[in-house]
2 protein chains.
Amino acid sequence: MLAAERRDHLLGLLARKGKIVAKEVAAELGISEDSVRRDLRDLAAEGLCQRVYGGALPVSPAVVDYEARQTVAPDGKRKVASAAVGLVRPGGALILDGGTTALAVARALPADLDCTVITHSPTIAAALLDHPQAELFLLGGRVFKHSAVTCGAAAVEAAQNISADLCLLGVTGVHPEAGLTTGDAEEAAMKRALSARAADTYILASSEKIGTASRFRVLPWKKVSGLITDADPQDTVVEQLKTLGVEVLVAS
Amino acid sequence: MLAAERRDHLLGLLARKGKIVAKEVAAELGISEDSVRRDLRDLAAEGLCQRVYGGALPVSPAVVDYEARQTVAPDGKRKVASAAVGLVRPGGALILDGGTTALAVARALPADLDCTVITHSPTIAAALLDHPQAELFLLGGRVFKHSAVTCGAAAVEAAQNISADLCLLGVTGVHPEAGLTTGDAEEAAMKRALSARAADTYILASSEKIGTASRFRVLPWKKVSGLITDADPQDTVVEQLKTLGVEVLVAS
DNA sequence: AAGATACATGCAGAACCGTGCAACAACAGG
DNA sequence: CCTGTTGTTGCACGGTTCTGCATGTATCTT
């Protein structure tokens, strides 16, 4: 393991778990505690972590570079994205919706992923250009600038010619009675068309969308295989969804 | 093994594995660590990887994005782009090819431009998202990662359903006898399909492309309306083109 | 207060690095 | 065909950086 790689690893741990115990990491990586301590000392000197007795903690969010916050997806979306990545099978075909949560999924996909990704979002397509093993298929059509995806008759028609194992769909509203909803009729139709072309459809929904509804219905619950969210599993709405027979994958 | 081949191999490793250990690669390829280190040093100088003790790591995605946004097009491409923008008529329809020169055109288009832009490049589409008045149409298909455009049967078919007043095409070779050429057969076919759907086709070619030829013919001279270049109008090749009846728009 | 744990520091060996140099191949020009 | 030039490659050298250990000190726990 490269020294610089190890530093990245430490920062990753810090972001994911919120703390680092020097002893544990040393054992895990098979290196001496001294090296871990030295790394932590260096990172602390650069303001990338806060050194504490026994390990290190993240620097307070306010201090973190503004740019870093911009580029990194909000915590909820990142959690949902990494849970969603677990559903993707190598060698399969994946339909990936547009939107910021789907973009987080695209970024979380392993760089050497060997599968076909079908999308109607130029942004997602651009984000996947550096995945050399992934076959990439873009559904054309009129571009809806608001959400940066193609919609309309041409896009729906293009979708009719593809099939996939899995469809990961973003929505703006997730409600027990209203079902899955979004704010634009064309977009709703497009999402429906995408979902219809996949064996399984999972919904990407960070916690703030749970229990809310938008103007246009995308799908009823019976048409989706499951929901991926970072909401509390004990949440009332989440419990309600479970009683409806919805498979809820909790991301953390 | 060729030096350039080796460089590609290194970049591939970086993408697939996320890191390079100089010692390992040297052993694997049967060359000295010095050569590997030299390559890594060069790649790092071009911003293609991050050199670290013991090997190299990928440049962080955030940095790439940032750099891509920051990098202004080379002077030649910028000149060509601004000359090309002069051909675009408000209210009309424009077919915009992929590639860096076309991207420069997209960026040079006025933000309040009121026209329809048709493209097969997700990158170009993404660049035009903030042009509120422009209608944007994306041609779908299999994405060719190398040049970040859609190609193949589906893309060509999608192109059959559109029409435009003007097509701005990038090529890699501009030669009096060989005509307009590019390095990939699929791309050449796609460019032909785009050109066929527009009343006028103009070629975007910064000066370094003048007088060169690539493997696959895109179009013969008689099919294009003109050439937009920043090359010297007195240049021998440019003079030759003029005698062939090619309209040459000199960008400056 | 005392033992346990974590820490900083210095040190030595190992790994890694850049540079200069010579050998070699590819190539253009005579 | 020869020759000078250019660019690449491997090797040798000296310097730098990393790493684990030993030591003495600081901090935590009980």
Side-chain angles (χ1 to χ4, degrees), chain A residues 1-60 63, chain B residues 1-60 63 172-173 175 177-178 183 207-215 235-237:
Chain A
M1 165 165 269
L2 266 29
E5 196 183 352
R6 200 177 54 220
R7 275 182 43 141
D8 284 349
H9 179 78
L10 290 174
L11 287 176
L13 277 178
L14 214 48
R16 282 199 304 278
K17 303 195 176 173
K19 70 164 179 178
I20 283 177
V21 180
K23 197 174 190 174
E24 289 176 7
V25 181
E28 181 195 337
L29 300 182
I31 55 176
S32 75
E33 292 178 41
D34 299 72
S35 292
V36 177
R37 271 197 284 272
R38 263 188 275 251
D39 285 340
L40 293 180
R41 215 185 305 165
D42 293 346
L43 290 175
E46 293 174 43
L48 266 27
C49 75
Q50 192 193 338
R51 197 74 174 74
V52 297
Y53 200 88
L57 295 173
V59 281
S60 81
V63 184
Chain B
M1 167 168 266
L2 267 31
E5 199 180 348
R6 204 175 51 219
R7 273 183 43 140
D8 284 350
H9 179 76
L10 289 174
L11 288 176
L13 276 179
L14 212 49
R16 281 198 304 279
K17 304 197 176 173
K19 70 163 176 175
I20 283 177
V21 180
K23 197 175 190 172
E24 289 176 6
V25 180
E28 180 196 337
L29 301 183
I31 55 177
S32 76
E33 291 178 41
D34 299 72
S35 293
V36 177
R37 269 198 287 272
R38 266 188 274 249
D39 285 340
L40 292 180
R41 219 182 303 166
D42 293 346
L43 290 175
E46 293 174 43
L48 266 28
C49 75
Q50 190 195 343
R51 194 73 175 78
V52 299
Y53 199 88
L57 294 175
V59 278
S60 87
V63 175
T172 58
H175 194 276
E177 281 118 49
S207 55
E208 75 271 15
K209 290 167 184 160
I210 304 296
T212 70
S214 297
R215 190 147 190 77
D235 180 287
T236 330
V237 180

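So that the names make sense, note that chain A is the first sequence line, chain B the second, and so on, each numbered from 1. The analysis underlying the following values was restricted to heavy atoms, covering all of them including side chains, and did not include hydrogens, waters or symmetry mates.
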Exercise for review: Look at B/Arg38 and C/dG18 and indicate whether a side-chain polar atom (N or O) is within less than 4.0 Å of OP1 or OP2.
Suggested key: no
Review point. Does B/Ser35 have a side-chain nitrogen or oxygen under 4.0 Å from the phosphate oxygens OP1 or OP2 of D/dT8?
Key: no
**Study point:** Protein-nucleotide distance (A/Asp39, atom CG; C/dA6, atom P), rounded to Å
**Key:** 17 Å
Exercise for review: Measure from CG on B/Leu40 to P on D/dT9 and round the result to the nearest Å.
Suggested key: 13 Å
Exercise for review: Indicate, with a heavy-atom threshold strictly under 4.0 Å, whether B/Val36 touches base, sugar-phosphate, or nothing.
Suggested key: nothing
Exercise for review: Mind checking the CG-CD spacing from B/Leu57 to B/Gln50? Nearest 0.5 Å is all I need.
Suggested key: 6.0 Å
Exercise for review: Among the candidates C/dC17, C/dT9, C/dT19, find the nucleotide nearest to the side-chain atoms of B/Arg41.
Suggested key: C/dT19
Check your understanding: Taking OP1 and OP2 of C/dT9, is either one under 4.0 Å from a side-chain nitrogen or oxygen of A/Arg37?
Key -> no
Practice item. Test for a donor-acceptor pair under 3.5 Å between the base of C/dC7 and the side chain of A/Asp34, counting only N and O atoms. Key: no
Revision key, fill the gap. To the nearest angstrom, the CE-P distance between A/Met1 and D/dT19 comes to 11 Å
Exercise for review: Could you go through the side chain to side chain contact (heavy atoms under 4.5 Å, CB included) check for A/Leu48 and A/Arg7 one step at a time?
Suggested key: CA-CA 10 Å; A/Leu48 266 27; A/Arg7 275 182 43 141; 4.2 Å; yes
Review point. Taking CG from B/Leu29 and C1' from D/dT9, how many angstroms apart are they, rounded to a whole number?
Key: 14 Å
Revision key, fill the gap. To the nearest angstrom, the CD-P distance between A/Glu5 and C/dC16 comes to 14 Å
Practice item. Let me see the working for A/Leu29 and A/Val25 under side chain to side chain contact (heavy atoms under 4.5 Å, CB included), right down to the final yes or no. Key: CA-CA 6 Å; A/Leu29 300 182; A/Val25 181; 3.8 Å; yes
Check your understanding: Side-chain N or O of A/Arg51 less than 4.0 angstrom from OP1 or OP2 on C/dC7?
Key -> yes
Point to revise | Derivation of the side chain to side chain contact (heavy atoms under 4.5 Å, CB included) call for A/Glu28 and A/His9 | key: CA-CA 12 Å; A/Glu28 181 195 337; A/His9 179 78; 3.6 Å; yes
Study note, to complete from the structure: Rounded to whole Å, the CD-P distance (B/Glu33 to C/dA14) equals 16 Å
Exercise for review: Starting from P on C/dC17, measure out to CD1 on B/Ile20 and report it in whole angstrom.
Suggested key: 12 Å
Exercise for review: Starting from the 5' end of DNA chain C, give me the residue, B/Tyr53 or A/Gly54, whose nearest nucleotide shows up first.
Suggested key: A/Gly54
Practice item. State the CD-CG distance between A/Glu33 and A/Leu40, to the nearest 0.5 angstrom. Key: 11.0 Å
Check your understanding: Has B/Lys23 got a side-chain N or O lying under 4.0 Å from the OP1 or OP2 atom of C/dC16?
Key -> yes
Review point. How many Å lie between CG on A/Leu2 and P on C/dA15, as a whole number?
Key: 15 Å
